[in-house]
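Here's the structure we're looking at; comments come further down.
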Amino acid sequence: MRTVEEIISLLGGPEAAATRCGVGTEAIRKWRQAKAIPAKHWPAVLAATGLALSDLPGAPTETQKTEPAMASAETPPDGATGCLVLADGTIFWGRGFGAETAKAGEICFNTGMTGYQETLTDPSYAGQVITFTFPHIGNVGTNAEDIETITPAARGLIVKQDVTEPANWRSTKHLDAWLKSHGIPGLAGIDTRALTARIRDAGAPNGVICHQADGRFDIAALKAQAAAWPGLEGMDLAKEVTCRQTFAWDETEWAWPEGFGRQTAPKHKVVAVDYGAKRNILRCLASAGCEVVVVPATATAEEILAHKPDGVFLSNGPGDPAATGEYAIPAIQGVLETKLPVFGICLGHQLLALSLGAKTYKLARGHRGANQPVKDLTTGKVEITSQNHGFAVDPKTLPANATVTHVSLFDGTNEGIAATDRPAFSVQYHPEASPGPSDSHYLFHRFVEMIEAHKAGA
């Protein structure tokens, strides 16, 4: 039997091994750490090296090969009341909770260690099933305050451990009951590390999460449903999660012991275009001294400017920015022509970039969690950020009148831009910190300073 180091050497070294097996170099590091190569990569390794299966660490021995075959992967094991069926036919069995239903979507993972209710209610998760890498999900229950939208858009959630009874003084409802009330299925008891590694190495797959209390599953139908789901690329989901009519917002950030406050003396008027806006983003704008008017994603430039704003905010949201851009780009370009200050977050960042002439692309894994390091190139400071996005701006396509302001220290992808000929800027991450660190709150004040400078020069 060969060692992992010997096999990597036969493959031509770490970078060559990664290329031959279709993974990143981080996966090769994991091989070395575990001193084993995952079975899904054995065919590629054997084809590239000419080794025999018995040469690979962890491969079955002759004795193991002659043992009785295991039950079919399509047969639910005892006690299984839930499953995850991927588009390629892979099945993960577990224990279902939440709503008894089947939901299709893109399977992603979130590395955050807190704020699962805020995560589940983030409209940017529309069309996605969230795998939580942190094991303690549900332990603080749920409440009516820690939500980012009234109607959650996430398709489901996957956890390692069973949801326990809540142990927090703010809890008003068990997570299981809360999920049932919103029609969201959950799945516990699966190997979330294996699923996360699969997503990391091969990209986010499409799949179906299903909860059936009686343990009876139509696997053929679930496979067909998973294979038929079209995926997020080319999908406009902003229209599904946006508000249906214009409304005013004056609620400010939560503070101990008063709770949420109200903005009673705003200094500036901001129109926020709702592509799937999180409530705490609107609270941060109000806390920064803004009167906030929220308009639907489909609002035209004329409808936005009719409110006579001092600045325009482009919110976060789900789906493919290029698809949403069909109606959002003309509106944003109309606002940019007025030279009003513009601030974008997440999908709003991508839409601003598209409006300036840049292009976006889909990431293989996306960035989802509350521990993402980003460098602000204008100050040189590094901030730990909260992120949730599956698409990114291609910085090579930015026009001459736009510059990169922030970059990811994980993978070097773009995290912020600014126009050089008008007061407009945006970031890919979520500076409102719900959930997550508050390192980036300064961006809301940067926006207000931009508004004040514009008004002083008007």
Side-chain angles (χ1 to χ4, degrees), residues 122-124 126 148-149 236-239 241-243 246-247 249 268-286 288 290 292-307 309-358 360 387-389 391-393 398 402 405-406 414-419 422-432 440 443-444 446-448 450-451 454:
D122 179 353
S124 294
E148 294 303 326
T149 187
D236 173 26
L237 293 173
K239 285 182 178 178
V241 298
T242 188
C243 58
T246 298
F247 65 93
W249 181 277
H268 315 290
K269 187 175 186 178
V270 169
V271 168
V273 186
D274 177 17
Y275 303 112
K278 297 175 70 175
R279 286 185 165 192
N280 213 50
I281 291 177
L282 302 179
R283 295 186 188 112
C284 287
L285 288 170
C290 299
V292 183
V293 176
V294 184
V295 299
T298 54
T300 64
E302 291 74 18
E303 290 169 336
I304 294 170
L305 297 173
H307 294 282
D310 299 313
V312 176
F313 173 75
L314 310 175
S315 87
N316 63 293
D320 188 337
T324 303
E326 290 187 10
Y327 55 85
I329 290 173
I332 296 170
Q333 288 176 336
V335 171
L336 290 172
E337 289 176 2
T338 68
K339 300 294 181 73
L340 278 173
V342 174
F343 176 28
I345 286 176
C346 193
L347 179 59
H349 160 71
Q350 297 158 2
L351 292 173
L352 176 62
L354 290 172
S355 299
L356 291 171
T360 57
Q387 300 198 15
N388 173 21
H389 61 101
F391 292 81
V393 172
L398 286 171
T405 60
H406 296 74
N414 179 258
E415 294 284 355
I417 63 171
R422 65 199 67 208
F425 74 104
S426 59
V427 292
Q428 180 63 77
Y429 50 94
H430 288 245
E432 86 290 343
S440 308
L443 291 168
F444 293 98
R446 182 179 289 182
F447 181 42
V448 168
M450 187 177 285
I451 291 174
H454 182 264

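As the structure is a computational prediction, the values presented were derived from the model and not from experiment.
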Checklist entry - Is any side-chain heavy atom of Ser315 less than 4.5 Å from a side-chain heavy atom of Val273? => result no
Next on the checklist: Applying ring-ring contact (aromatic ring centres under 6.0 Å, His included), can you list everything that pairs with His430, at least two apart in sequence or on another chain?
Outcome noted: none
Item to check | Given Leu285, Val292, Val448, the one that forms side chain to side chain contact (heavy atoms under 4.5 Å, CB included) with His268 | outcome: Val448
Next on the checklist: Would you compute the distance between atom OG1 of Thr405 and atom CD1 of Ile417 and round it to the nearest 0.5 angstrom?
Outcome noted: 7.5 Å
Item to check | Ile281 and Phe444: CA distance, side-chain angles, deciding distance, side chain to side chain contact (heavy atoms under 4.5 Å, CB included) verdict | outcome: CA-CA 9 Å; Ile281 291 177; Phe444 293 98; 4.2 Å; yes
Next on the checklist: I'd like to know if the side chain of Glu326 and the backbone of Ala323 have a donor-acceptor N/O pair within less than 3.5 Å.
Outcome noted: no
Item to check | Note, Val271 side chain near Leu305 side chain (heavy atom, < 4.5 Å) | outcome: no
Item to check | Residue pair Tyr275, Val241: steps toward the side chain to side chain contact (heavy atoms under 4.5 Å, CB included) verdict | outcome: CA-CA 7 Å; Tyr275 303 112; Val241 298; over 6 Å; no
Next on the checklist: If I compare all heavy atoms of Gly317 with all of Ser124, which pair ends up nearest, and what's the gap?
Outcome noted: N-OG, 3.3 Å
Item to check | Listed partners of Tyr327 passing side-chain contact (heavy atoms from CB on, under 4.5 Å), at least two apart | outcome: Asp236, Ala238, Lys239, Ala297, Thr298, Thr324
Item to check | Glu148 CD to Asn388 CG distance, which is reported to the nearest 0.5 Å | outcome: 11.0 Å
Item to check | Verdict with supporting geometry, Leu354 and Ile332, side chain to side chain contact (heavy atoms under 4.5 Å, CB included) | outcome: CA-CA 10 Å; Leu354 290 172; Ile332 296 170; over 6 Å; no
Checklist entry - Quick one: does Leu398's side chain get under 4.5 Å of Leu356's, heavy atoms only? => result no
Checklist entry - Is the backbone N or O of Val427 less than 3.5 Å from a side-chain atom of Glu415, with the two atoms forming a donor-acceptor pair by type? => result no
Item to check | For Ser440, all residues meeting side chain to side chain donor-acceptor pair (under 3.5 Å), sequence neighbours excluded | outcome: Glu383
Checklist entry - Roughly how far apart are Leu314 CG and Ser355 OG, rounded to 0.5 Å? => result 7.5 Å
Item to check | Separation between SG of Cys284 and CZ of Phe313, rounded to the nearest 0.5 Å | outcome: 9.0 Å
Checklist outcome for this item: Sorted by chain and residue number, the side chain to side chain donor-acceptor pair (under 3.5 Å) partners of Arg422 (sequence neighbours excluded) come out as none
Item to check | N/O donor-acceptor pair under 3.5 Å between Thr360 side chain and Pro321 backbone | outcome: no
Next on the checklist: Any non-hydrogen side-chain atom of Val270 less than 4.5 Å from a side-chain atom of Asp310?
Outcome noted: no
Name the atoms and distances for all side-chain donor-acceptor pairs under 3.5 Å in residues 337-350, with sequence neighbours left out.
from: Thr338; atom 1: OG1; to: Val335; atom 2: O; distance (Å): 2.6
from: Thr338; atom 1: OG1; to: Leu340; atom 2: N; distance (Å): 3.3
from: His349; atom 1: ND1; to: Ser426; atom 2: OG; distance (Å): 2.7
from: His349; atom 1: NE2; to: Asn414; atom 2: OD1; distance (Å): 3.0
from: Gln350; atom 1: NE2; to: Phe391; atom 2: O; distance (Å): 2.9
from: Gln350; atom 1: NE2; to: Gln428; atom 2: OE1; distance (Å): 3.1

Next on the checklist: Taking salt bridge (Lys or Arg N to Asp or Glu O under 4.0 Å) as the cut-off, I'd like each qualifying pair that reaches into residues 269-286, sequence neighbours left out, listed once.
Outcome noted: Asp122-Lys278, Glu251-Arg283, Lys278-Glu432
Checklist entry - So Tyr429 and His389, side chain to side chain contact (heavy atoms under 4.5 Å, CB included) or not? Walk me through it. => result CA-CA 8 Å; Tyr429 50 94; His389 61 101; over 6 Å; no
Item to check | Atom of Ala299, atom of Ala331 and distance for their closest heavy-atom approach | outcome: O-CB, 3.4 Å
